[in-house]
2 protein chains.
Amino acid sequence: MKDKTTFIRQKISDSTIRRLSIYLRTLIILEKGGTVTISSRKLADIEGFTSAQIRKDLSYFGSFGRRGLGYNVKALKKRIAEILGTNKKWDIILIGIGRLGSALMNYEEFKGRGFHIKKLFDKNPELIGKKINGITVNSVDQLEKKVNPKRESLAILAIPPQDVQSLIERLNLIGIKGVLYFASRTVTVPKSMIVRNEDTTVELETLTYHITNRTDRPVKPM
Amino acid sequence: MKDKTTFIRQKISDSTIRRLSIYLRTLIILEKGGTVTISSRKLADIEGFTSAQIRKDLSYFGSFGRRGLGYNVKALKKRIAEILGTNKKWDIILIGIGRLGSALMNYEEFKGRGFHIKKLFDKNPELIGKKINGITVNSVDQLEKKVNPKRESLAILAIPPQDVQSLIERLNLIGIKGVLYFASRTVTVPKSMIVRNEDTTVELETLTYHITNRTDRPVKPM
DNA sequence: AATTGTGAAACTTTTCACAGCA
DNA sequence: TGCTGTGAAAAGTTTCACAATT
């Protein structure tokens, strides 16, 4: 095998990275359930992908399986976490402690995946200074003073759409590397940053598209 | 032009559908801001796509622009909403009225996009019978009795991972067509349903992957 | 002069199919 | 025998480039 672990020599597609994350969440459950070994075929049946796709996705990063046997669940889980960078902990700052922000603070899944919300910011004077889950809420005006980009490299924005662009620019100047925001809005992304958007209306509209345009039915009957 | 409005004769990729939804959210803002006409080039600059991509995406469904001029914002917005099926209203049932569920109930964006949360379900006895935003919370045990799949064709599940699979099966039997769930878990999807998963850990892990594996840096220096 | 709509080309991703190995 | 790892083929998606149109 060519040495794929030293350098990423090939652009890996975003679809592959997303699937690796999906394999990882399933492997965590399988390990808890006591499964020791899994074949690409069995994992494919669970995920609804093809076994070739799983083997191909993994092959970009090395060969982790054993011919005739399959993959060791614990070892594969560890290797995918290494690839995704989640073998180490990630400290996160959360901006916006409304309903969505509070939901994220209490999201059980984060802990098991190495994500830790460490600092809280809001612009609501009633919240500033309060302790939530043991963390003091800072004023968003104090962002530049309170964030330590050496420790915290990720930010989650649970704020209204009109505030997202300016905060991304401030976070970029501070040195934050990655941002996830939930507002239904397009933003301009600084080149030194990676920004993702999770937009529930986009998800719902893919549902309504497929329901409205069932492949075998006319779209606009005449 | 071949008549593309009568039947969908070609499989449209999910990426195209997602981009249409993204164009739509921008067109809504542009229209509010008073923009009458937009070229594929200007829209591309806003979205960070290429103009050819935008024209190609639209061309699958017809020709909505005017050569030399561009697209009428209001007309294009209307046509994309028709394609996505959001020119008509969609009634949604929401299961799980915790922090995330409450955030979704108060999500301003839904109203302007034709999404209306009409029925609420939870398994917490303290919530059942209470009115939230004018809607009574039902017991999830009453799902089959209270849901009218003629009216409500979409469900949003804001519930713990272990409850998602069984609810998808119950919703399928009731006749719900589309489901969006947020839990970090793979589920088996009945063929007659469309199910989407929005998993924040997947989004965060694409961030950590890119930060960890910056294309020009060694991944595992030796 | 500006910009769409679109075939064709280029590129990317997935699937196939089988050699190689436990 | 069973299952991985992977080149090669197939399928799918994006970009190019330009005729057509306002």
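Note: hydrogens, waters and symmetry copies are ignored here, and every other heavy atom, side chains too, is used. Fair warning: this is a prediction, and the values are worked out from it, not measured in the lab. So that the names make sense, note that chain A is the first sequence line, chain B the second, and so on, each numbered from 1.
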All heavy atoms of B:Ile12 vs all of B:Tyr60, minimum pair found to be CD1-CB, 3.6 Å
Do the side chain of B:Arg67 and the base of C:dT3 come within less than 3.5 angstrom through a donor-acceptor pair of N or O atoms? no
Main chain of A:Glu31, side chain of A:Thr35: is a donor-acceptor contact present, judged purely on distance under 3.5 Å?
no
Stepwise side-chain hydrogen bond (donor to acceptor under 3.5 Å, both in side chains) test for B:Arg55 and B:Ser51
CA-CA 6 Å; B:Arg55 295 197 302 279; B:Ser51 62; 3.3 Å; yes
Practice item. Answer whether the closest heavy-atom distance between the side chains of B:Val179 and B:Val189 falls below 4.5 Å. Key: no
Within residues 69-77 of chain B, the residues having a heavy atom closer than 4.0 Å to DNA chain C are B:Leu69, B:Gly70, B:Tyr71
Query raised in the report: Does A:Asn197 use its side chain to pair, donor to acceptor, with the backbone of A:Ala183 at less than 3.5 Å?
Result: yes
**Prompt:** Looking only at atom types and distance, does a side-chain atom of A:Asn213 sit under 3.5 Å from a main-chain N or O of B:Ile83, one as donor and one as acceptor?
**Reply:** yes
B:Phe64 atom CZ is separated from D:dT22 atom C1', nearest whole Å, by 19 Å
Worked check of salt bridge (charged side-chain N to carboxylate O under 4.0 Å, His left out) between B:Lys119 and B:Glu152: CA-CA 9 Å; B:Lys119 284 184 186 150; B:Glu152 298 118 25; 2.9 Å; yes
note: A:Leu58, atom CG; D:dC3, atom P; distance rounded to Å ~ 16 Å
Expected list for residues 31-48 of chain A near DNA chain D, using heavy atoms below 4.0 Å, is A:Ser39, A:Ser40
Scoring nucleotides 10-16 of chain D by protein non-hydrogen atoms under 4.0 Å (B base, S sugar-phosphate only, - none) yields ---SBBB
Less than 4.0 Å between a side-chain N and a carboxylate O, is that true for A:Arg113 and B:Asp199? no
Between B:Thr16 and B:Asp57, is there a donor-acceptor pair closer than 3.5 Å when you use the side chain of the first and the backbone of the second?
-> no
Tell me if the NZ atom of B:Lys88 is crowded by more than 12 foreign heavy atoms within 6.0 Å. yes
